[in-house]
Amino acid sequence: QVQLVESGGGLVQAGGSLRLSCAASGRTFTNFAMGWFRQAPGKEREFVAVIRYSGGITYYGDSVQVRFTISRDYANSAVYLRMNSLNVEDTATYLCAAAVEAAGLSTADDGPFGYSSWGRGTQVTVSS
């Protein structure tokens, strides 16, 4: 497994921006697709974005499309989530997760259950 630690959350006004970071350690970082999920109180865990190791292909949840950008730094074993035009509905705990990837295939395609490693999360609160 890979160990993940998120940072960068905080309180921001609606319309503002934040950049979340996820530091990875342990197994080889390049063998994983890296994803971001979020969970608000009383709601199910929601897919936000994923970046595949193979080709750096990215996918986004419908609610964050265009506003959020996921990226990864292989040299520093880190993944980032740039969030722009934040609104109160973006308030949640944001979690970084890793899914095994090999030969272009990844368990990330199975949704949250396909991710084998999770961070503890970082809180993002957007005020109106």
- Item | Qualifying residues under ring pair (Phe, Tyr, Trp, His ring centres under 6.0 Å), relative to Phe47, sequence neighbours excluded |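 By the ring pair (Phe, Tyr, Trp, His ring centres under 6.0 Å) rule, Phe47 matches Phe37.
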
Sidechain-backbone polar pair: [X] side chain, [Y] backbone, donor-acceptor under 3.5 Å:
| X | Y | answer |
| --- | --- | --- |
| Thr107 | Gly114 | yes |
| Asn76 | Ala78 | no |
| Ser117 | Val2 | yes |
| Thr122 | Gly9 | yes |

- Item | Qualifying residues under side-chain hydrogen bond (donor to acceptor under 3.5 Å, both in side chains), relative to Ser71, sequence neighbours excluded |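 By the side-chain hydrogen bond (donor to acceptor under 3.5 Å, both in side chains) rule, Ser71 matches no residue at all.
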
Does the side chain of [X] reach to within under 4.5 Å of the side chain of [Y], using non-hydrogen atoms?
| X | Y | value |
| --- | --- | --- |
| Trp36 | Cys96 | yes |
| Tyr94 | Leu18 | no |
| Val124 | Arg38 | no |
| Ser63 | Glu46 | yes |
| Ile70 | Arg82 | no |
| Leu20 | Met83 | yes |

Roughly how far, to the nearest 0.5 Å, is [atom2] of [Y] from [atom1] of [X]?
| X | Y | atom1 | atom2 | result |
| --- | --- | --- | --- | --- |
| Ser106 | Phe32 | OG | CZ | 9.5 Å |
| Asp73 | Cys22 | CG | SG | 12.0 Å |
| Ser127 | Gln13 | OG | CD | 5.0 Å |
| Arg67 | Asn84 | CZ | CG | 9.0 Å |
| Glu6 | Leu81 | CD | CG | 11.0 Å |

- Query: Between Tyr74 and Val79, does a side chain to side chain contact (heavy atoms under 4.5 Å, CB included) hold up when you go through it step by step?
  - Reply: CA-CA 8 Å; Tyr74 293 94; Val79 62; over 6 Å; no

Do you reckon [X] sits in the same ILVMFWY cluster as [Y], going by side-chain contacts under 4.5 Å, direct or chained?
| X | Y | answer |
| --- | --- | --- |
| Val126 | Leu95 | no |
| Leu4 | Val48 | yes |
| Tyr115 | Ile57 | yes |
| Tyr60 | Ile51 | yes |
| Val100 | Trp118 | no |

- Taking everything shown except Glu44 itself, do over 12 heavy atoms lie less than 6.0 Å from its CD?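 12 or below, so no.
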
- Item | N-O pairing of Glu101 and Arg52 below 4.0 Å |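 A salt bridge links Glu101 with Arg52.
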
- Return the minimal non-hydrogen interatomic distance between Ser17 and Ser85, and the atom names on each side.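 That would be OG-N, 4.3 Å.
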
- Between Arg19 and Tyr80, is NZ or CZ placed under 6.0 angstrom from the six-membered ring centre and within 45° of the ring axis?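 Relative to the ring axis of Tyr80, which defines the angle, Arg19 lies inside both limits.
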
- With sequence neighbours left out, what residues match Thr125 under side-chain contact (heavy atoms from CB on, under 4.5 Å)?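 Thr125 satisfies side-chain contact (heavy atoms from CB on, under 4.5 Å) with Leu11, Thr91, Gln123 only.
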
